[in-house]
Every structure is written in C-alpha cells, then in structure tokens.
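Only heavy atoms go into these numbers, but all of them, side chains included; no hydrogens, no water, no symmetry mates.
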Amino acid sequence: MHLSICIPTYNFGRFIGETLDSLLPQVSDEVEVVVLDGGSTDDTGAVVAARMQHHKQLTYYHQDFQGRN
C-alpha cells in the first residue's frame, strides 16, 4: 500500500518548515509527502529543499505563473 500526503502552499515559507518538521518524522518509507507550491515568491522552496536533504519521502513541485494573466 502507498499513501501520498499532498500539501498545497503559496508564500508560506515561515510556516511550511514547522509543518514538515512535525510530519516527516512520523512517515514511513511507504508514505510520500508532496508539497505543491502555487508560485511562491518567498523562501518556501528553500525551506522545503533543506528538509528534502534528509527525507527521501519529500517531493517539491513549484508552479511558475509569471507572465500569465
């Protein structure tokens, strides 16, 4: 069995680290945590990237909406 936990975010760099620090120690290898960033302009990507170095279950996707109306 495989479980995916999906976390949508936008400019929540100051909160996403605490969220991931609480969640990631509880997940097993059968669980993936996916952060879907809706185009953040803050440090969300860097905060998630720091956690990705230590948690192989964590994946980050950044949607770039620049130039779109």
By side-chain contact (heavy atoms from CB on, under 4.5 Å) - contacts of Gln26 (at least two apart): Ser22

Closest non-hydrogen atom pair between His2 and Glu30, with its separation: ND1-O, 3.3 Å

Candidates Asp37, Leu20, Thr9 - the one meeting side-chain contact (heavy atoms from CB on, under 4.5 Å) with Val48: Leu20

Residues, nucleotides or ligands: over 12 heavy atoms within 6.0 Å of Phe12 CZ: no

Which atom of Tyr10 lies closest to which atom of Gly38, heavy atoms considered: CD1-O, 3.4 Å

Result of checking Leu36, Leu23, Val34 against Ile7 for side-chain contact (heavy atoms from CB on, under 4.5 Å): Leu23

Between CG on residue Asp43 and CZ on residue Arg14, distance to nearest 0.5 Å: 10.5 Å

Sub-4.5 Å side-chain heavy-atom contact between Val33 and Val27: yes

Over all atoms of both residues, closest heavy-atom pair of Ser40 and Asn11: OG-N, 2.5 Å

Within-4.5 Å side-chain heavy-atom neighbours: Gln57 and Val31: no

Joint hydrophobic cluster, Leu24 plus Tyr61, side-chain heavy atoms closer than 4.5 Å: no

Path from Leu3 to Val35 over hydrophobic side-chain contacts below 4.5 Å: yes

Results of side-chain contact (heavy atoms from CB on, under 4.5 Å) for Asp21 - residues two or more places apart only: Arg51

Backbone of Gly39 reached by a side-chain donor or acceptor of Asp64 within 3.5 Å: no

Side-chain touch Leu58/Tyr60, heavy atoms, less than 4.5 angstrom: no

